[in-house]
Every structure is written in C-alpha cells, then in structure tokens.
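Residues: numbered from 1 along the sequence shown.
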Amino acid sequence: MTDRPARIGITEAAALLLGRLVDQHGPVMFHQSGGCCDGSSPMCYPRNEFRVGAADVLLGSLPGETPFWMSADQFEYWRHTHLTVDVVPGRGSGFSLEAPEGVRFLIRSRLLSDAEVEALEAHPPRTGAAPDD
C-alpha cells in the first residue's frame, strides 16, 4: 500500500449507483474526454465496450476496481485537482449507463495541495499505451 494521494474519489450516492450499474451490466469503466456538451461529463461504459486511447490517462480506480480514464488534453487542465465523481438528478448522455436512471454523473473538484502535487508528480499516471499490470 502506498501513501500516495488519490486523484479520483466518489461520493456515497455515486458509489451506490455504480454498484447497481455493475450488477446490471457487469464490469464498467469511466472515461472523461473533455470537449463540449456531454463530452465534459464523466461517461460510464461497460468495460469491454470502450477502447481506451494510447494517450488516455488512468486517474485511478473507484469501487469494484472501476477504472477512471481521462483524455490527455483534459488531464492537462485537471492535473492539479482531486476529482470526485458525484451523481445528480437530470438527463445525462444517452451513451452513459446511468442515463435511463434519470440521473447523471458529474465531477466535483478541489485543488490539490502542494504536497499532494509533489507526491503525484513523482509517480506519473499510467496511460493507455502502457500494458495492463
């Protein structure tokens, strides 16, 4: 176990929804691409139905060993923040698994402390180009 700070977390409400989605669909993953509209929201997909790009960055894992990936361009904007996956009422993307539930995932953020940034920068995150561990 490492004392390295996490880049990604999840609220209790989002973790409960994530658990239900895994029960319904099997293993899932998140990807956040940036861009406009739904692309700026975290998207939840069945793990075997989304191909991670070589430049995508793995921020970490959520409950159920659920990976959270982000596009490299988006990561450059968010690299100094801790992100928390939350869920709110509303219509999300039709492609994300939570859409039929009448809710959508979103990201809440806080700036990392200088110590957290230093610790994380000492261990760059894995990219989609790296083989699975």
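Shortest non-hydrogen contact noted between Thr81 and Ser109 is CB-CB, 4.3 Å. When all heavy atoms of Asp56 and His31 are compared, the pair lying nearest together is OD2-NE2, 3.1 Å. Closest of all the heavy-atom pairs between Arg7 and Leu59 is CB-O, 3.7 Å. Nearest heavy-atom pair, Gly128 versus Val52, reported as atom, atom and distance to 0.1 Å: CA-CG1, 4.0 Å. Counting all heavy atoms, side chain and backbone alike, Ala6 lies closest to His82 at O-CD2, 3.0 Å. Pairing each heavy atom of Val85 with each of Ala14, the nearest pair is O-CB, 3.6 Å.
Grouping the Ile, Leu, Val, Met, Phe, Trp and Tyr side chains by contacts below 4.5 angstrom, directly or via other members, places Ile8 apart from Leu106. The cluster map of Ile, Leu, Val, Met, Phe, Trp and Tyr, joined by side-chain heavy atoms under 4.5 Å apart, puts Leu16 and Val88 in different clusters. When hydrophobic clusters are built by joining Ile, Leu, Val, Met, Phe, Trp and Tyr residues whose side-chain heavy atoms come closer than 4.5 Å, directly or via intermediates, Trp69 is grouped together with Phe95. Residues Leu21 and Ile107 fall within the same hydrophobic cluster, defined by Ile, Leu, Val, Met, Phe, Trp and Tyr side chains chained together at heavy-atom separations under 4.5 Å. Phe75 and Leu112 are members of different hydrophobic clusters when ILVMFWY side chains are connected at heavy-atom separations under 4.5 Å.
Within a 6.0 Å sphere centred on CG of Asp23, heavy atoms belonging to other residues, nucleotides or ligands number more than 12. Within a 6.0 Å radius of CD in Glu118, other residues, nucleotides and ligands contribute 12 heavy atoms or fewer. Counting non-hydrogen atoms of neighbouring residues, nucleotides and ligands closer than 6.0 angstrom, the CZ atom of Arg51 reaches no more than 12 such neighbours.
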Using the rule given for side chain to side chain contact (heavy atoms under 4.5 Å, CB included), can you reason through Gln24 versus Glu101, listing the C-alpha separation, both sets of side-chain angles and the distance that settles it, and then say yes or no? CA-CA 12 Å; Gln24 289 177 321; Glu101 305 287 325; 3.9 Å; yes
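No side-chain donor-acceptor contact under 3.5 Å links Thr127 to the backbone of Ala55. Judged by distance alone, the side chain of Gln74 and the main-chain N or O of Ser71 form no donor-acceptor pair under 3.5 Å. Judged by distance alone, the side chain of Arg4 and the main-chain N or O of Ala119 form no donor-acceptor pair under 3.5 Å.
One finds the CG atom of Leu97 at 9.5 Å from the CG atom of Leu17 (value rounded to the nearest 0.5 Å). Atom CD of Glu121 is separated from atom NE2 of His80 by 6.0 Å, given to the nearest 0.5 angstrom. The distance from the CD atom of Gln32 to the CH2 atom of Trp78 is 7.0 Å, given to the nearest 0.5 Å. One finds the CE atom of Met29 at 9.0 Å from the SG atom of Cys44 (value rounded to the nearest 0.5 Å).
Considering only residues two or more places apart in sequence or on other chains, Val22 meets the side-chain contact (heavy atoms from CB on, under 4.5 Å) condition with Leu18, Val28.
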